[in-house]
Amino acid sequence: MNHGDQYRVLVVEDEFLVALQIEADLVAAGYSVIGPFTSLAQSISAARAHPFDIATLDLNLRGEFAYPLVDELMEREVPVLLLTGYTALDLPERFRALPRLAKPFDGTQLIQKIEGLHPFNGSPAGV
């Protein structure tokens with residue numbers, strides 16, 4: 001069942017082709033995409049300016065870690081999916097329990113993880 005059209009996903013990814021694929025996969029599944037954003041500054045600005053329900057975050061944005069954004073989203077109780085090549089043990093302890101999708105991944109895996117982050121009850125998490 002396609003419930004994605006109710007949800008807006010903030011996409012933070014600095015690799016152009018990966019960002020395009022993430023966006024295409026989300027749109028095909030019925031999600032609305034905010035982004036993609038490629039830098040920490042852009043991402044934080046966008047997260048504060050645009051309403052969204054779920055965030056997919058590449059952690060390493062051209063050598064700059066997205067940890068401040070992850071902290072902010074966790075504080076706001078926004079569901080976060082980390083898209084990264086890092087293992088849980090490579091992450092700061094406070095992020096180890098967050099949902100993570102290891103790179104490389106395919107669209108099916110991405111959508112399954114995203115669907116696991118929202119309840120499909122007609123009321124998005126909201127921001």
Side-chain angles (χ1 to χ4, degrees):
M1 195 175 333
N2 184 353
H3 297 276
D5 56 335
Q6 299 174 27
Y7 292 88
R8 298 155 299 193
V9 181
L10 177 76
V11 175
V12 176
E13 172 60 59
D14 65 346
E15 294 180 44
F16 179 73
L17 294 177
V18 174
L20 285 179
Q21 189 61 56
I22 291 169
E23 182 176 19
D25 292 337
L26 290 170
V27 168
Y31 291 90
S32 176
V33 175
I34 310 300
F37 300 97
T38 61
S39 74
L40 180 59
Q42 270 186 332
S43 302
I44 289 173
S45 233
R48 292 175 180 168
H50 300 284
F52 61 94
D53 306 294
I54 297 168
T56 64
L57 306 177
D58 179 8
L59 283 179
N60 188 338
L61 302 170
R62 296 188 175 98
E64 188 172 32
F65 286 100
Y67 298 157
L69 177 58
V70 179
D71 284 327
E72 183 174 319
L73 296 179
M74 287 174 62
E75 185 175 304
R76 290 166 47 185
E77 298 182 1
V78 175
V80 172
L81 174 61
L82 304 177
L83 305 176
T84 183
Y86 295 107
T87 68
L89 292 177
D90 293 328
L91 302 176
E93 190 170 336
R94 67 190 184 277
F95 301 147
R96 290 180 185 166
L98 291 175
R100 187 175 45 83
L101 187 55
K103 289 182 175 180
F105 55 84
D106 65 35
T108 301
Q109 293 170 309
L110 174 65
I111 299 306
Q112 286 174 342
K113 283 285 194 177
I114 292 288
E115 288 176 352
L117 293 178
H118 59 78
F120 297 129
N121 66 5
S123 83
V127 172

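In this text the structure is predicted, and so the values were computed from the model without any measurement.
A donor-acceptor pair under 3.5 Å is absent between the side-chain atoms of Glu115 and the main chain of Gln112, judged by distance alone.
Here the closest heavy-atom approach between residue Glu23 and residue Pro36 is recorded as OE1-CD, 3.9 Å. Closest approach of Asp53 to Pro79, counting heavy atoms only: O-CD, 3.2 Å. The heavy-atom pair separating Leu57 from Leu73 by the smallest distance is CD1-CD1, 4.0 Å. When all heavy atoms of Arg100 and Tyr86 are compared, the closest pair comes out as NH1-O, 3.3 Å. Nearest heavy-atom pair, Arg62 versus Asp14, reported as atom, atom and distance to 0.1 Å: N-OD2, 2.6 Å.
Using a 4.5 Å heavy-atom cutoff, the side chains of Ser32 and Val9 are not in contact. Looking at heavy atoms from C-beta onward, Phe52 lies in side-chain contact with Val78 at the 4.5 angstrom threshold. The side-chain heavy atoms of Lys113 and Thr56, taken from C-beta on, include no pair separated by under 4.5 Å. Within the 4.5 Å cutoff, the side chain of Lys103 has no heavy atoms near those of the Thr84 side chain.
Residue pairs meeting the ring-ring contact (aromatic ring centres under 6.0 Å, His included) criterion with at least one member in residues 8-27: none, sequence neighbours excluded.
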Show the atom names and distances, to 0.1 Å, of all donor-acceptor pairs under 3.5 Å that link a side chain in residues 65-72 to residues at least two apart or in another chain.
{"unit_1": "Asp71", "atom_1": "OD1", "unit_2": "Arg94", "atom_2": "NE", "d": "2.8"}
{"unit_1": "Asp71", "atom_1": "OD2", "unit_2": "Arg94", "atom_2": "NH2", "d": "3.1"}
{"unit_1": "Glu72", "atom_1": "OE1", "unit_2": "Arg48", "atom_2": "NE", "d": "3.2"}
{"unit_1": "Glu72", "atom_1": "OE1", "unit_2": "Arg48", "atom_2": "NH2", "d": "2.8"}
{"unit_1": "Glu72", "atom_1": "OE2", "unit_2": "Arg48", "atom_2": "NE", "d": "3.2"}
{"unit_1": "Glu72", "atom_1": "OE2", "unit_2": "Arg76", "atom_2": "NH1", "d": "3.1"}

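Leu20 and Val12 fall into different hydrophobic clusters, where Ile, Leu, Val, Met, Phe, Trp and Tyr side chains are chained together by heavy-atom contacts under 4.5 Å. A continuous path of Ile, Leu, Val, Met, Phe, Trp and Tyr side chains, each step under 4.5 Å between heavy atoms, connects Leu81 with Val27, placing both in one hydrophobic cluster.
Separation of atoms CG (Leu110) and CG (Asp106) is listed at 9.0 Å; rounding is to 0.5 Å. Atom CZ of residue Phe105 and atom CG of residue Asp25 lie 8.0 Å apart, to the nearest 0.5 angstrom. Atoms OH and CG, from Tyr7 and Leu26 in turn, are 14.0 Å apart once rounded to the nearest 0.5 Å. For the atom pair Ile54 CD1 and Leu10 CG, the distance stands at 11.0 Å (nearest 0.5 Å). With rounding to the nearest 0.5 angstrom, the OG atom of Ser45 is 10.0 Å from the CG atom of Leu40. Distance check, rounded to the nearest 0.5 Å: CG of Leu91 to CG of Leu82 gives 6.5 Å.
For Ser39, the side-chain contact (heavy atoms from CB on, under 4.5 Å) partners are Ala41, Gln42, not counting sequence neighbours. With sequence neighbours left out, the salt bridge (charged side-chain N to carboxylate O under 4.0 Å, His left out) criterion links Arg96 to no other residue. Evaluation of the side-chain contact (heavy atoms from CB on, under 4.5 Å) rule for Val18 yields Glu13, Glu15, Ile22 as partners, not counting sequence neighbours.
If you chain together ILVMFWY residues whose side-chain heavy atoms come under 4.5 Å of each other, Leu89 ends up in a group of its own.
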